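Okay, structure first, notes after.
A quick note: this is a predicted structure, and the numbers were derived from the prediction, not measured. Order of the sequence lines fixes the chain letters, A, B, ..., with proteins taken first and strands second; residue numbering starts at 1 for each chain.
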Amino acid sequence: MKLYNSITKSVEPFTPLENNRVRMYSCGPTVYSYQHIGNLRTYTFSDLLKRSLQFAGFRVLHAMNVTDVGHLTDDADAGEDKIERAARAAGRDAWAMTEIFKAKFFEDCAGLNILPPDIVCRATDHIAEQIAMIQKMEDKGLTYCNADGIYFDTTKFNPITDLSNMRIQASEEYSRVGTGEKRSSYDFSLWKFSPTGAKRQMEWESPWGVGFPGWHLECSAMSMKYLGETFDIHTGGIDHIPVHHTNEIIQSESVTGKTFAKFWVHAGWLSFGDSEKMSKSAGGTLLLDNILAHGYDPMAFRYLMLTAHYRGPLKFTWEALDGAATALSRIRDFLAESDLSQGNIIESYISTFREHILNDLDTPKGIATLWTLLKDNKVKKDDAARTIIEMDKVLGLRLLLHVSGKTDLEVPAEVLALLTERTALKAAKDYAGADAVRDQITALGFEVMDTPKGPALKLL
RNA sequence: GGUGGCGUAGCCAAGUGGUAAGGCAAUGGUUUGCAAAACCAUCAUGCAUCGGUUCAAAUCCGAUCGCCACCUCCA
C-alpha cells in the first residue's frame with residue numbers, strides 16, 4: 001500500500017511498525033458546536049483510510065479524540081476557549097453542552113457510515129496524563145512560566161519529524177498576531193491559568209496553578225497513551241499542519257526522544273462552488289442535517305466525496321450532489337435486479353480496484369472501475385453485483401442494503417389498489433384515467449414504472 | 001507581505017512528459033398509449049492566457065490573469 005506522507009510531501013510505501021497491525025490516530029472534533037459537512041469530509045477520509053487498510057489485510061487500531069476543553073479561538077494562544085465561550089453565550093453548562101455536540105457528531109458519522117473508532121477519548125478525561133507530560137518537559141528545561149501559563153520554549157528543542165516546511169512564517173510587519181506573553185511566536189501553550197477573579201466552568205488543579213490544558217497537548221497525551229510513543233498514522237484536516245500538528249510533534253518528541261508518528265495524512269478542503277461561504281464564524285455552515293432536509297440520502301453525499309481524491313479540494317454544489325444521488329441510485333437499481341447468491345467476485349475487476357485504492361486511496365479511479373464493470377456486457381450481472389458489493393467494503397456506501405431481497409418495499413394496500421386500477425384502465429385504453437391514477441400514486445410517494453414484465457413500483 | 005494550493009466540457013472530477021478516466025446534465029435512437037425508468041449512441045483537436053524546453057506538454061520552465069486557504073475562527 002502506498003500513502004502520501006505530509007512529512008516528505010510524497011507518496012511512500014506504507015508498512016506498519018508492528019507486523020500486520022496499524023495504529024492510527026485521528027484528530028477529532030472540538031465539540032463546541034455542530035460539525036459541518038466540511039468537518040465531516042475529514043472524518044469520511046479517515047474512515048476511507050481505515051477501510052482501505054483493512055481491505056489491504058491490515059488490522060487497524062483506531063483512536064480519535066474529542067476536544068472538550070482548551071481549544072482556543074485563536075491558534076496563537078491569545079484567544080478564548082471555544083467551549084467556555086459557546087457555553088457562556090448559550091447560557092449552558094459546558095459539560096452538558098459538550099456531551100450533546102459529541103453525541104450529535106457521532107450520530108452524523110453513523111449517518112455517513114463512518115465506522116466508530118476503537119477508542120474515543122476526551123481531553124477532560126486525561127488531565128492527569130497531560131499534566132504528567134508537562135512535567136516531563138519541565139524536567140528537561142523546555143518550558144517557561146509567565147502570567148498566562150506554562151509555555152513550550154521552541155528555541156530549545158528541534159523535533160525529529162520535520163513538518164516545518166509548512167510552519168507559518170510570521171511576517172513581522174504583516175502579522176496581526178502579537179506574541180503576547182510568549183517569548184517567541186512559535187512557542188505554544190501547555191497549561192493556561194484560569195483568569196484571575198473569574199471561575200471557569202472547566203478548570204483543574206495543577207502544580208503550577210488552577211487552569212486548563214493547552215489544545216495541542218491532549219492529542220499527544222492521548223495518542224501516546226493508547227497507541228504508544230511511536231505509532232503508524234496520524235490524520236487530520238490539512239489546516240492542522242502548520243500549528244496543531246507541528247506542535248504535537250514538538251512536544252511529543254521532546255518527551256520521548258522518539259519519532260512521534262510515521263505517516264501524517266491530511267484531508268483536503270471542502271469548498272463551495274457558488275459564492276456561499278463556509279465558515280463557522282460567518283454562520284454560513286451547512287450541516288448534514290441540511291442535506292437530509294433537502295431530501296438527499298447521506299450516502300449521496302458520501303458518494304460525492306469519494307468521486308474526488310481525498311487530498312484535493314472538493315467544490316460542493318447542489319448540482320454536484322444531485323449528480324451523485326442519481327449515480328448512486330443507478331448503482332442501487334442495478335444491484336436490486338441481481339442475485340448475490342448466484343454471483344462470484346470477478347478477480348480481474350477487483351484487483352484493478354484494489355490497485356487503485358492501495359495507491360493512495362484513489363477512489364475516483366476505483367469508482368470509474370466500478371462503472372466499467374457495471375456496464376460490461378460480457379460480465380454476468382450477478383457476478384458484477386457480487387464484485388461491486390466487495391468494492392463497497394472500501395467505499396462504504398451501504399450498497400448491501402440495496403441488493404434484491406433486502407429492499408422489499410412495504411407498499412400500502414391503497415397504492416396497490418390504485419396500481420391494479422391503473423392497469424385495468426390501461427387495458428381498457430382509458431389513458432386519461434390511467435394517467436390520473438398514476439398521479440395519485442405519485443402523490444403517495446411511489447413511482448410507477450412499466451417494465452416488460454409489467455408495472456413495478458419504486459419509492460420516490 | 002509570507003506560506004500552501006488551485007484554474008480540465010453546462011456541473012462535479014481523474015489525469016505530473018506519449019496524444020484528455022468516470023459520473024451528472026444535454027442531444028439522438030430503441031422501448032412505451034404517453035411519460036418515467038432502462039438500454040444503445042453522440043458529447044473537450046481541447047486542459048485560464050502568452051511565451052519557452054522537447055520528437056512529443058494539461059503535465060516541465062518563465063511571465064501574466066483569476067481563485068481559495070492559512071498567517072486572524074474553521075477539518
Side-chain angles (χ1 to χ4, degrees), chain A residues 6 9 26-30 32-33 35-46 71-76 78-80 82 85 165-178 185 235-244 266-274 277-282 285 303-309 311-331 333-334 337 356 362-372 374-375 377 425-427 429-432 434-435 438-439 442 447-452 456 458 460:
Chain A
S6 296
K9 299 181 87 171
S26 298
C27 275
T30 300
Y32 68 106
S33 180
Q35 299 292 299
H36 56 61
I37 60 172
N39 297 307
L40 292 172
R41 184 188 182 198
T42 299
Y43 304 112
T44 305
F45 146 70
S46 53
H71 191 169
L72 304 183
T73 56
D74 176 349
D75 279 347
E80 192 182 356
K82 292 178 181 186
R85 185 174 72 167
N165 53 347
M166 294 291 287
R167 180 60 120 161
I168 298 300
Q169 300 300 315
S171 158
E172 286 296 323
E173 54 183 313
Y174 199 77
S175 177
R176 278 161 276 179
V177 186
S185 58
T235 72
I238 201 164
D239 59 306
H240 275 159
I241 296 174
V243 178
H244 183 51
H266 295 98
W269 218 254
L270 182 76
S271 67
F272 285 75
D274 48 33
K277 280 286 175 188
M278 166 63 76
S279 71
K280 288 187 180 179
S281 60
T285 63
Y303 181 92
L304 175 64
M305 290 189 279
L306 294 174
T307 60
H309 190 88
R311 266 192 286 131
L314 170 61
K315 269 185 273 186
F316 178 89
T317 64
W318 290 104
E319 199 177 349
L321 185 60
D322 265 336
T326 306
L328 179 63
S329 143
R330 289 186 59 198
I331 296 171
D333 288 348
F334 178 87
E337 293 164 9
H356 289 140
D362 196 343
T363 51
K365 279 191 180 156
I367 287 178
T369 303
L370 185 156
W371 280 101
T372 308
L374 191 148
K375 295 188 167 185
N377 295 325
L425 288 167
K426 262 184 73 177
K429 297 203 187 299
D430 178 2
Y431 295 123
D435 289 350
R438 182 166 64 194
D439 289 343
T442 305
E447 181 182 349
V448 181
M449 293 182 295
D450 290 324
T451 72
K458 185 182 172 185
L460 281 174

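A75(B) has its base stacked against the ring of Trp269(A), the centroids being under 5.5 angstrom apart at an interplanar angle below 30°. By the stacking rule of 5.5 Å between ring centres and under 30° between planes, Trp371(A) does not stack on the base of G22(B).
Salt bridge present: Arg438(A) and Asp435(A) bring a charged side-chain N and a carboxylate O closer than 4.0 Å.
Contacts of Asp362(A) with the nucleic acid, taken as non-hydrogen atoms under 4.0 Å apart, are absent. No engagement by Ala267(A) is indicated, since no non-hydrogen atom pair under 4.0 Å with the nucleic acid exists. Counting non-hydrogen atoms under 4.0 angstrom, Gly268(A) reaches a base of the nucleic acid. Contact annotation for Leu314(A): backbone-only contact, meaning every heavy-atom pair under 4.0 Å involves sugar-phosphate atoms and none involves a base. In this structure, Lys426(A) reaches the bases: a heavy-atom distance under 4.0 Å links it to at least one base atom across the strands shown. Looking at heavy-atom distances under 4.0 Å, Ala368(A) makes contact with a base.
Comparing the same atom, C1', in C68(B) and in U32(B) gives a spacing of 49 Å after rounding to whole Å. When the P atom is compared between G10(B) and U49(B), the two are found 13 Å apart, to the nearest whole Å. The gap from the C1' atom of C6(B) to that of U16(B) amounts to 15 Å, rounded to the nearest Å. The separation of U45(B) from A9(B), taken at their C1' atoms, amounts to 14 Å, rounded to a whole angstrom. Atom C1' of A20(B) sits at a distance of 37 Å from the matching atom of A35(B), rounded to the whole Å.
To the nearest 0.5 angstrom, Cys27(A) atom SG is 5.5 Å from His240(A) atom NE2. To the nearest 0.5 Å, atom CG of residue Leu314(A) and atom CG of residue Leu304(A) are 5.0 Å apart. Rounding to the nearest 0.5 angstrom, the gap separating the CG atom in Leu270(A) from the CE atom in Met305(A) is 8.0 Å.
When distances run from any side-chain atom of Lys315(A) to the nucleotides C12(B), C34(B), A37(B), the shortest one goes to C12(B). Here the side chain of His36(A) is nearest to one of A75(B), G15(B), G23(B), namely A75(B). You'll find that the side chain of Leu304(A) is closest to C12(B), out of C12(B), C34(B), A25(B). With A37(B), C24(B), A75(B) as the choices, the nucleotide that has an atom nearest any side-chain atom of Ala327(A) turns out to be C24(B). Which of A14(B), A25(B), C11(B) sits closest to the side chain of Thr317(A) comes down to C11(B). For Met449(A), taking side-chain heavy atoms from C-beta onward, the closest of the listed nucleotides A37(B), A14(B), G23(B) is A37(B). Side-chain proximity of His309(A) to the nucleotides A14(B), C39(B), A75(B) is greatest for A14(B). Which of G23(B), C12(B), G33(B) sits closest to the side chain of Tyr303(A) comes down to G23(B). Taking every side-chain heavy atom of Lys365(A) into account, G15(B) is the closest of G15(B), G23(B), A75(B).
Inter-residue side-chain proximity for Pro29(A) and Asn39(A) is flagged as unmet; no heavy-atom pair is nearer than 4.5 Å. For the pair Gln35(A) and Tyr43(A), the minimum side-chain heavy-atom distance is below 4.5 Å.
Remark: P of A75(B) and CD1 of Ile238(A) are 14 Å apart, rounded to the nearest angstrom. In this structure, the NE2 atom of His356(A) is 10 Å from the P atom of G15(B), given to the nearest Å. Arg41(A) has its CZ atom 14 Å from the P atom of C12(B), to the nearest Å. With rounding to whole Å, Asp333(A) atom CG is found 16 Å from A36(B) atom P. G4(B) atom P lies 22 Å from atom NE2 of His244(A), rounded to whole Å. Rounded to whole Å, atom P of A13(B) lies 13 Å from atom CG of Leu321(A). The distance from atom CG of Leu374(A) to atom C1' of C39(B) is 12 Å, rounded to the nearest whole Å. Atom pair Asp439(A):CG and C34(B):P shows a separation of 17 Å (rounding to whole Å applied).
Toward the 5' end of RNA chain B, the nearer of the two residues Gly237(A) and Ile367(A), judged by each one's closest nucleotide, is Ile367(A). Each of Val448(A) and Gly323(A) was assigned the nucleotide of RNA chain B with the nearest heavy atom; the assignment lying further toward the 5' end belongs to Gly323(A).
Across all strands shown, A13(B) forms no Watson-Crick or G-U wobble pair with both key distances under 3.5 Å. Pairing of A38(B), defined by two Watson-Crick or G-U wobble distances under 3.5 Å, is identified with U30(B). With a cut-off of 3.5 Å on both pairing distances, the Watson-Crick or G-U wobble partner of C65(B) is G7(B).
Considering Thr307(A), Asp362(A), Thr372(A) as possible partners of Ile367(A), the one that fulfils the side chain to side chain contact (heavy atoms under 4.5 Å, CB included) test is Thr307(A).
A donor N or O paired with an acceptor N or O is not found under 3.5 Å between the base of C24(B) and the side-chain atoms of Arg330(A).
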